[in-house]
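For reference, the structure discussed in these notes is given below.
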Protein chains: 2
Amino acid sequence: MLERIHLRIIHAVHQQGSLTAAAKELCVTQSALSHTMRKLEDNLGTAVWVRDGRSLRLTQAGHYLLNIANRALPLLSGAEERLKQIAMGERGTLRIGMECHPCYQWLLKVVSPFLETWPGVDVDVKQKFQFGGVGALLDYEIDLLVTPDPYFKSGLVFEPVFDYEQVLVVPKDHKLTAKKFAQAEDLRDQVLFTYPVSKDRLDIYTQFLNPDQVIPKQHKTVETTDIMLQMVACGRGVAALPRWLAEEYSTKLPLSVVRLGKSGIAKQIYLGTREGDSDIDYLSAFIKMAHSYKHPVAISP
Amino acid sequence: MLERIHLRIIHAVHQQGSLTAAAKELCVTQSALSHTMRKLEDNLGTAVWVRDGRSLRLTQAGHYLLNIANRALPLLSGAEERLKQIAMGERGTLRIGMECHPCYQWLLKVVSPFLETWPGVDVDVKQKFQFGGVGALLDYEIDLLVTPDPYFKSGLVFEPVFDYEQVLVVPKDHKLTAKKFAQAEDLRDQVLFTYPVSKDRLDIYTQFLNPDQVIPKQHKTVETTDIMLQMVACGRGVAALPRWLAEEYSTKLPLSVVRLGKSGIAKQIYLGTREGDSDIDYLSAFIKMAHSYKHPVAISP
DNA sequence: TTTTAATTATGAGTAAAATTAATAGATTGT
DNA sequence: ACAATCTATTAATTTTACTCATAATTAAAA
């Protein structure tokens, strides 16, 4: 088996130019090194060094291994370095899972000051989960879940970070802008844009269209918010998004916002964590910072 | 120390989902695995797995290590695979060193049929050497040296592959085309293009200009043959190159060729190898193929 | 609940492997 | 030719890893 020590030997002997010097660098006796080198060559079935008098040089196989060493050794020592930091609590990765497409914009606003405050902590955002966000949290694939659907389960903690209203976004000159609020019927002749997720996870269906058994003229999915709103702005259809997000975009694009139903659709965003992680300082810090980035206005009267 | 076995364990336990299953995969007892895992965590100072009942899941540190494992393990097993092939003589890399800039074009013609004939052998071409081509050969950095300057030394073998004439390349309508051959004086008012190497390795200087103590109007260096001859073709200067190379280009560009001195400059290209490598089959095969790609015409009368 | 099957953890003994010390052999430069 | 320096080898020692036997824990079945 090709072990780490073998790569270190190949590297050290090449760099130092001699077995004796390499032995010093590796903190073993010259004898030990000689033994190990011989055994390595025996196991590989190939010469790794050419013994020309008292100088050692790499063979072709040796050069190949040196190349492997130069790639693998930094990987390993880097890992050790980092693990040491993790062990001392100096460093970690905050792995955030997102189950709320439009929240991405909000998340970015929280992440950037967080990275400044916690220089030793990396942030990683994931959006796809084989067994859902809660599964990812339980399986230690992520450390924090951003979701509109808290799923209370022992071992997990959910807390709301902000309330918002889900509204209909339409072009500025759209006929619905005349109404105080939209009704399900109003979408029967409209093209609806949503993110590409199943319908039972879209509030526009579960809380608005389905109760009145209305199906829009057409349903198209778009990956990104930018493109979606570009499409809406130029009259290709309508979309359902958080009010704060729609209002942010309406300064750049000719968009209007219409309430969904007489009393509006109220939503909350929750942050979920594992119970056992409550002692991770940077995790609690992130949640605290997230609270301070609440978007104003839940449902205004 | 983070060893290969640790990465294999992390990988296996994650994939199999249990310690016992992983032990089977790694061909050790469950006990051995348990001991090793514990020792690893002790050494790292961090938990790698979360023991939740009888299921093991990776911690954050564990996930990080899994990532390292996924990068490092293929590197190592790939290396072993290849070393095995090298040991059985099924595979190798022919590392060719070039000390003859224009020969690159010739080399390409030899390499391509070689790669077809020897599918298990890779070819690598290097052009820069800290201690010259001969040093690189002796240091096992390369296995074959292509050079116009054989440097006979014990342990090395040089053999000529082809003769050629070094000629002056000028624009098609150049005044020198009228002459049977160029004299050093003729270059006094010319711009000379060469590859960027020291003057004592340029035949145009050592064998042509220096004897008559002539310095051209200007001396510019160019990396590639293509650009150099483009420059010559549009009247920016002249260059000294092998006749076969110049004639190849003169079908595409408006170029002419003029002999250097009354009797021309005769050159040979040699292939150098280490004496001890004479038993490497693909190396001798390459040299044999190289002979069959001789360029015609040394110095024609 | 008790039982059963399966999984992980632990302790002690054993086998294997790596390391060392001592020394011989080889090479280089003065 | 000699001293200095390097590598190789042998035998003894230490260290390490592994296994066996068994305990402890967990999850599901009776």
Side-chain angles (χ1 to χ4, degrees), chain A residues 1-59 62 80 138-140 153-155 276, chain B residues 1-59 62 80 131 135 138-140 153-155 274-276:
Chain A
M1 270 284 172
L2 190 57
E3 296 299 331
R4 183 179 184 180
I5 186 64
H6 297 131
L7 298 182
R8 292 183 60 209
I9 290 172
I10 286 163
H11 181 84
V13 170
H14 178 74
Q15 200 195 30
Q16 302 284 340
S18 93
L19 191 160
T20 311
K24 215 165 275 172
E25 183 187 316
L26 297 172
C27 300
V28 289
T29 58
Q30 170 268 326
S31 172
L33 203 59
S34 179
H35 281 296
T36 312
M37 286 163 65
R38 172 177 247 290
K39 200 175 292 179
L40 173 65
E41 290 183 311
D42 286 353
N43 284 333
L44 293 178
T46 310
V48 174
W49 293 275
V50 183
R51 280 98 174 151
D52 177 18
R54 72 211 231 176
S55 73
L56 288 174
R57 280 194 312 268
L58 291 170
T59 59
E80 273 177 344
L138 285 169
D139 280 358
Y140 282 77
K153 193 170 175 176
S154 75
Chain B
M1 270 285 172
L2 190 56
E3 297 298 333
R4 184 179 184 181
I5 187 63
H6 298 132
L7 298 182
R8 293 183 60 210
I9 289 172
I10 287 163
H11 181 86
V13 170
H14 178 74
Q15 201 195 28
Q16 302 283 340
S18 93
L19 192 160
T20 311
K24 214 165 275 172
E25 184 187 316
L26 298 171
C27 299
V28 289
T29 57
Q30 169 272 130
S31 171
L33 202 60
S34 179
H35 281 294
T36 313
M37 286 164 66
R38 175 177 242 290
K39 200 176 291 178
L40 172 66
E41 291 183 310
D42 287 352
N43 285 333
L44 293 178
T46 309
V48 175
W49 293 273
V50 184
R51 279 97 174 152
D52 178 19
R54 69 212 231 176
S55 73
L56 289 173
R57 278 196 315 270
L58 291 170
T59 60
E80 274 177 343
F131 304 110
L138 286 169
D139 280 359
Y140 281 78
K153 195 169 174 175
S154 74
R274 283 180 298 272
E275 230 166 39

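Order of the sequence lines sets the chain letters (A, B, ...), proteins ahead of strands, with each chain counted from 1.
- Side-chain atoms of A:Glu41 come within 3.5 Å of backbone N or O of A:Trp49 as a donor-acceptor pair.
- The interatomic distance linking A:Lys39 (NZ) with C:dT19 (C1') rounds to 10 Å, in whole Å.
- Distances were taken from every side-chain heavy atom of B:Leu19 (C-beta onward) to each of C:dT19, C:dA9, D:dC18; the shortest belongs to C:dA9.
- Using a 4.5 Å heavy-atom threshold, the side chains of A:Leu56 and A:His14 count as separate.
- Nearest-nucleotide positions on DNA chain C for A:Ser31 and B:Leu56 put B:Leu56 closer to the 5' end.
- Residue contacts shown for B:Ser55 are absent, as no nucleic acid heavy atom lies under 4.0 Å away.
- Put simply, the side chain of A:His6 gets close to the backbone of A:Glu3: a donor and an acceptor are under 3.5 Å apart.
- Look at CG on B:Leu40: it is 11 Å from P on D:dA17, rounded to the nearest Å.
- B:Leu33 has its CG atom 9 Å from the P atom of C:dT8, to the nearest Å.
- To the nearest angstrom, P of D:dA8 lies 6 Å from CE of A:Met37.
- Computed from coordinates, the A:Ile5 CD1 to C:dA17 P distance equals 17 Å when rounded to whole Å.
- The main-chain N or O of A:Gln30 is never found under 3.5 Å from a side-chain atom of A:Ser34 such that the two would form a donor-acceptor pair.
- Using a 4.0 Å cut-off, some side-chain N or O of B:Arg51 falls inside it from OP1 or OP2 of C:dA9.
- Atoms CZ (B:Arg38) and C1' (C:dG11) sit 12 Å apart, rounded to a whole Å.
- Here the P atom of nucleotide C:dT20 and the NE2 atom of A:His35 are 10 Å apart, to the nearest Å.
- The side chain of B:Ser34 places no N or O atom within less than 4.0 Å of a non-bridging phosphate oxygen (OP1 or OP2) of C:dT8.
- Note: A:Thr59 OG1 to A:Arg51 CZ = 9.5 Å, rounded to the nearest 0.5 Å.
- The phosphate of C:dA21 has neither OP1 nor OP2 within less than 4.0 Å of any side-chain N or O from A:Thr29.
- Atom CD in B:Gln30 sits roughly 12 Å away from atom C1' in D:dA24 (whole-Å rounding).
- Within 4.0 Å of B:Ser18, counting heavy atoms only, lie sugar-phosphate atoms of the nucleic acid but no base atom.
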